[in-house]
Amino acid sequence: MSGTYQGKAGKTRRTSLGTAILNAPYLLWAALFIIIPMFIVVYYAFTNKDGAFTFDNIKHLADYSGVMLRSLLYSLAATAICFLIAYPFAYVVCKWRPSSQKMANMFIMLPMWINLLIRTYCLTTLMDGNGLVNQLFVFIGIGRIPLMNNTGAVIFGMVYNYLPYMILPIYNVMSRLDKSVMEAAEDLGCNAFQRVRRVVFPLTLPGIISGIIMVFVPSVSTFYISAKMGGPGDFMIGDLIESQIHSQNSNLPTAAALSLVLMAVILVSMLILNRFSDDEEGGSMLV
Amino acid sequence: MKHLGRIFNGLIYAILYAPLAVMIFFSFNASSSTTQFSGFSFRWYQNLFEDFAIRSALQNTLLISITAALAATALGVIAAYGIYRMKSKSLKNAAQTVTNIPLTNPDIITGVSLMLLFTFVGGWLSMQSSILGFWTLLIAHITFNLPYVILNVLPKLYQSDRSQYEAALDLGCTPSRAFWKVVFPGIVPGILSGFIMAFTLSLDDFIISYYTNGHFNILATQLYTAVKKPLRPTYYALYTLIFLAIMGLMLLVNLTQIRAEKQKGSTKNMRRTLAVVLVVAVALVAVLGVFSSKRNDVLSKMREELEGELEGEYTRDLAGTTLYVYNWGEYISNGQDGTLDINLAFEAVTGIHVDYSTYDSNETMYATLAGGGVTYDIVIPSDYMVSRLIKEGRVQKLDYGQMSNYKYIDEKYKYPEYDPTNEYSVPYAGGYLGIIYNNTLVDEEDVDGTWSLLWNEKYKGQILGIDNARDAFATAQYALGLDVNSTNKADWDAAAAKVREQVPLLQSWVMDQVFAKMEGENAAIAAYYAGDYLTMVDAMDEAGENGDHLSFYCPEEGTNIFFDAMCVCSDAQNYEAALMYINFMMEPAIALENAEYICYTCPNTAVLENEDYSMREEEVLYPTTDVKATYYTHLDEETIAYYENLWNKVKADS
């Protein structure tokens with residue numbers, strides 16, 4: 001930081017030069033490891049194995065439209081369910097004493113410290129055909145119920161793993177709501193439902209939007225949860241990218257084209273979301 | 001209403017914590033099962049402190065997380081301050097947009113794009129050794145940590161009062177002094193939470209690490225291989241300890257904060273909390289350090305035990321070097337349950353450290369070799385893949401004169417079809433592809449000795465598909481009476497159509513996951529390898545004496561016989577050590593330990609003639625009646641591309 005001081009220079013020049021020096025390392029880093037890799041993906045997506053320009057990789061993706069649609073539907077479902085759970089959950093927590101709120105928050109974050117792989121593995125030992133839940137079902141006479149290896153299980157796996165990402169940003173915004181606004185709404189004759197719909201919901205929109213992004217992005221691109229918990233028909237776009245990279249005729253151009261589509265899908269969803277919120281700080285409310 | 005809210009939240013907590021409760025409960029299981037509790041024990045905790053692989057992965061994980069979090073915090077604070085001071089609004093927006101990219105990009109894209117960058121640079125520098133490793137992993141972690149630090153610090157900067165900073169300047173402070181004295185104290189909470197978030201994310205990341213770690217094994221990448229099989233409760237023990245430590249720490253932090261809010265002395269308490277966190281981290285590393293010293297004791301004890309047991313000559317000339325071995329998962333005796341840890345034994349004798357990683361299909365192995373970015377000394381692929389590697393010059397000729405134990409390899413395995421000149425490979429183990437079924441779930445009259453069991457609609461939802469193109473199509477080709485080595489596209493189309501018929505009946509596609517599915521009796525029928533059937537029986541007997549529930553047969557229409565062979569890569573960095581390792585694997589004493597552990601067909605005559613070898617009369621491995629079986633051969637590029645494409649479509653369309 002001491003490098004910013006240019007003793008004899010004039011004050012304005014000093015600050016702008018200082019700012020440039022401050023910014024240089026990060027901009028360099030971002031260019032090398034964020035921007036250039038993106039261009040490499042684009043490069044692979046539009047070249048064939050010999051390095052010549054082609055649209056074939058993109059055209060080829062028509063074969064996989066089913067997989068893409070499936071990924072989109074599954075992750076939208078998971079995001080919606082997360083929201084439906086997280087919103088009332090956060091609402092209830094906000095009514096608690098501040099110290100209880102802190103504890104409630106901590107116990108939402110705590111499972112995230114345990115690796116996703118092991119959490120999902122434990123989940124499968126519960127839900128498998130002869131897993132612990134089914135053992136209980138058999139014991140009390142209900143019999144085995146297929147809980148695993150179907151679409152429901154994939155969506156449940158996503159909800160289970162990513163729910164905290166929805167709860168935390170919503171809670172963060174909700175807990176900072178001005179209580180007097182609520183009281184004003186009450187005084188003006190709003191009932192409980194109207195208060196939520198007309199006052200709380202609009203004010204918590206930034207939190208909802210960052211929650212949606214934080215759940216949707218990892219859901220739509222997962223390759224572990226679908227492979228582990230899905231059936232033979234639950235192949236997702238992440239699985240496809242992974243299998244293109246790790247196959248015998250390692251197919252980087254197709255993997256890159258798929259990645260490009262995935263990025264486009266996410267970009268479009270973000271643009272749609274941004275129409276609902278003009279609060280730039282929304283994205284920063286992560287924890 | 002109030003009660004309803006409580007009940008609802010309680011339910012959510014219960015669901016979130018149920019899997020963790022299972023983890024903690026089964027970490028105390030007396031058997032290795034994660035679904036059948038057979039008594040209380042500390043066995044897995046003891047195992048945890050004896051497991052070098054887990055410990056080194058844990059050390060690597062901590063090293064990466066702490067270094068990456070510190071570096072990202074330093075760089076992120078500078079960046080945030082720079083962005084804060086930017087005058088141009090558009091520049092500011094641009095910088096913030098770039099910052100948001102890693103946040104909103106899916107991990108798989110961040111990982112893949114960085115991998116492409118690194119391998120591209122590696123190829124450009126024409127690097128001889130792996131470019132993927134500690135440094136690339138560190139770069140990747142710093143890159144995805146940075147935005148979180150910036151986004152935690154930036155709001156605090158905007159909250160700070162600019163006029164105070166200017167006042168400090170007017171009073172004669174240098175800008176840097178003004179920053180440290182005035183701005184910095186205000187943003188400390190942001191820096192701290194940024195650091196903690198960065199550390200947490202690093203610790204938990206799997207996908208980005210998976211594409212960029214190369215040889216540098218961390219817990220998450222190791223877990224990815226481990227969770228495919230029934231997970232050893234050792235990992236449960238490890239994560240139970242981590243869970244309890246973190247919970248303790250967070251409770252402490254929260255309680256001090258709650259108390260601080262009452263007393264209004266937050267910075268002081270913040271510092272105290274930070275001090276506690278640091279002390280705990282240092283203590284953790286110190287504890288690990290204390291345990292690390294044990295490794296040398298184990299090595300020297302092992303060396304004494306092996307003295308006189310070995311026939312070959314092993315020098316210690318290469319002591320201190322590393323040998324990179326890339327093998328199938330669960331395919332070497334590794335020290336579990338009192339068996340011999342062969343890689344450790346090799347290190348004990350030669351002083352050469354074995355860096356061991358695994359794959360779950362020939363295709364994955366090939367893609368890794370071909371992808372560049374990471375090099376290996378030894379690979380152990382199957383026959384047809386050996387041919388391909390020979391043909392493409394990816395493996396090199398072996399000096400058989402340096403391998404005195406080669407004489408123990410059975411003559412019938414020399415000059416194999418896949419290595420006709422017998423110059424490139426040494427057979428490791430082999431077996432047959434066949435059908436494993438659970439005889440308590442499948443009616444005996446449905447077992448007719450053919451492949452048709454895999455297409456029996458009665459067992460819808462209980463059949464497991466084999467998750468690699470070659471084997472999956474082969475089951476269909478054998479069932480249809482087609483040649484598995486056909487180059488006729490129509491044959492592959494027919495096989496694909498047959499597999500499509502099977503898809504609605506499948507529970508899921510599996511490779512190594514087959515163990516958990518069959519051992520846990522979650523599925524009834526699977527096509528898999530003979531040796532793994534025996535492994536499953538052993539595991540089930542150990543967990544609850546249910547091994548006799550499983551049966552195996554080679555279908556009468558014919559099946560695949562395979563042999564995996566040890567090869568030395570052409571870009572191997574440690575050729576002499578590689579030969580020594582292959583020779584070591586053929587040692588009668590070592591080969592016996594290994595054959596007992598992996599349960600595959602052994603090509604070593606010293607083992608086959610040894611009365612102590614418990615599986616020498618095992619029908620599944622050494623059939624006394626003729627089994628109709630063919631090897632896969634290496635097909636031409638066009639056919640491979642054709643069937644792999646068919647395969648992706650079969651999986652995508654279903």
Side-chain angles (χ1 to χ4, degrees), chain A residues 1-2 4-5 18-19 22-23 25-26 30 33-34 36-38 40-41 63-64 66-67 85 88-89 92 99 102 106 110-111 113-119 121-123 125-126 128-132 146 149 217 221 231-233 235 238 241 246-250 259 262-263 266 270 284 287, chain B residues 5 9 12 16 19-20 22-23 34-35 75 78-79 81-82 85 98 101 106 108-109 112-114 116-117 139 143 151 174-176 179 197 204 206 220 223-224 227 231 239 243 246-247 250 254 258 363-364 366-367 370-371 465 503 506-509 520-522 640-641 644 651-654:
Chain A
M1 224 55 68
S2 55
T4 58
Y5 179 54
T19 308
L22 278 174
N23 277 306
Y26 174 62
F33 302 118
I34 298 175
I36 293 180
M38 292 295 111
I40 293 183
V41 171
D63 290 348
Y64 300 120
V67 179
I85 296 172
F89 187 95
V92 170
S99 57
K102 265 209 153 66
M106 181 200 116
L110 192 54
W113 282 78
I114 305 301
N115 199 289
L116 175 137
L117 299 174
I118 205 158
R119 272 184 288 149
Y121 181 87
C122 295
L123 202 57
T125 65
L126 276 164
D128 223 332
N130 190 29
L132 295 166
N149 300 115
V217 172
S221 60
F235 203 61
I241 294 176
H246 284 140
S247 73
Q248 202 182 158
N249 56 342
S250 165
S259 304
L262 194 53
M263 280 197 273
I266 287 164
M270 303 259 278
S284 65
V287 159
Chain B
N9 282 23
I12 299 300
L16 276 182
L20 300 180
V22 166
M23 173 184 89
T34 50
T35 48
L75 197 55
I78 299 174
Y81 194 51
R85 296 218 319 193
V98 170
I101 293 178
I108 190 168
I109 291 178
V112 170
S113 65
L114 281 170
L116 292 176
L117 172 77
I139 290 173
T143 307
L151 288 177
T174 62
S176 65
F179 172 81
M197 269 192 88
D204 202 41
F206 156 64
L223 256 177
Y224 182 59
V227 288
L231 194 64
Y239 276 94
F243 177 77
I246 305 266
M247 186 164 80
M250 284 175 90
N254 266 348
I258 290 169
E363 287 65 31
T364 306
Y366 179 82
V503 173
L506 295 180
Q507 184 175 93
S508 62
W509 295 109
E521 306 191 60
N522 298 307
I640 295 174
E644 291 234 331
K651 286 188 74 179
D653 290 348
S654 45

K.L.:
Measure from the side-chain N and O atoms of Arg119(A) to the backbone N and O of Pro19(B), and report whether any donor-acceptor pair falls under 3.5 Å.
P.N.:
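No, the answer is negative, given that no donor and acceptor are paired below the 3.5 Å cut-off.
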K.L.:
Minimum heavy-atom separation for Leu22(A) and Gly82(B), please, with both atom names.
P.N.:
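In terms of heavy atoms, the two residues are closest at CB-CA, 4.0 Å.
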K.L.:
With only heavy atoms counted, which part of Leu123(A) is less than 4.5 Å from chain B, the side chain, the backbone, both or neither?
P.N.:
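Backbone plus side chain of Leu123(A), per the 4.5 Å heavy-atom cut-off to chain B.
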K.L.:
Looking at chain A, which one of Thr34(B), Val22(B), Asp653(B) has the largest number of heavy-atom pairs inside 4.5 Å, strictly under?
P.N.:
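Max contact count across the listed options: Thr34(B).
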K.L.:
Which one of Val112(B), Leu231(B), Leu506(B), Val503(B) has the most heavy-atom pairs closer than 4.5 Å to chain A?
P.N.:
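The residue among Val112(B), Leu231(B), Leu506(B), Val503(B) with the greatest pair count is Leu231(B).
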K.L.:
Between Pro232(A), Cys122(A), Gly129(A), which shows the greatest number of heavy-atom pairs under 4.5 Å with chain B?
P.N.:
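Looking at each of Pro232(A), Cys122(A), Gly129(A) in turn, Pro232(A) comes out on top.
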K.L.:
Quick one: list whatever passes side-chain hydrogen bond (donor to acceptor under 3.5 Å, both in side chains) with Asp128(A), sequence neighbours left out.
P.N.:
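With neighbours one apart ignored, the set is Lys517(B), Asn522(B).
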K.L.:
If you tally heavy-atom pairs under 4.5 Å against chain B, which of Leu132(A), Asp63(A), Leu110(A) wins?
P.N.:
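The option with the most such pairs is Leu110(A).
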K.L.:
Checking heavy atoms, do the side chain of Pro88(A), its backbone, both or neither come under 4.5 Å from chain B?
P.N.:
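For Pro88(A), heavy atoms of backbone and side chain both lie under 4.5 Å from chain B.
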K.L.:
Counting only heavy atoms closer than 4.5 Å, note whether Ile85(A) contacts chain B via side chain, backbone, both or neither.
P.N.:
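Looking at Ile85(A), backbone and side chain both touch chain B.
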K.L.:
Looking at Leu262(A), Asn23(A), Val217(A), Ile266(A), which one has more heavy-atom pairs under 4.5 Å with chain B than the rest?
P.N.:
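It is Asn23(A).
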K.L.:
Which bit of Leu126(A) is near chain B, if near means a heavy-atom gap under 4.5 Å: side chain, backbone, both or neither?
P.N.:
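Just the side chain, heavy atoms under 4.5 Å.
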K.L.:
Relative to chain A, which of Asn9(B), Asp204(B), Leu20(B) shows the most heavy atom pairs under 4.5 Å?
P.N.:
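Ranked by heavy-atom pairs under 4.5 Å with chain A, first place is Asn9(B).
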K.L.:
Would you check if the side chain of Asn149(A) reaches a backbone N or O of Ser508(B) as a donor-acceptor pair within less than 3.5 Å?
P.N.:
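No; judged by distance alone, with no hydrogens or angles, the pair does not exist.
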K.L.:
For Thr143(B), enumerate each residue passing the side-chain contact (heavy atoms from CB on, under 4.5 Å) test, keeping only those at least two apart in sequence or located in another chain.
P.N.:
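Thr143(B) satisfies side-chain contact (heavy atoms from CB on, under 4.5 Å) with Trp29(A), Phe33(A), Ile34(A), Ile139(B) only.
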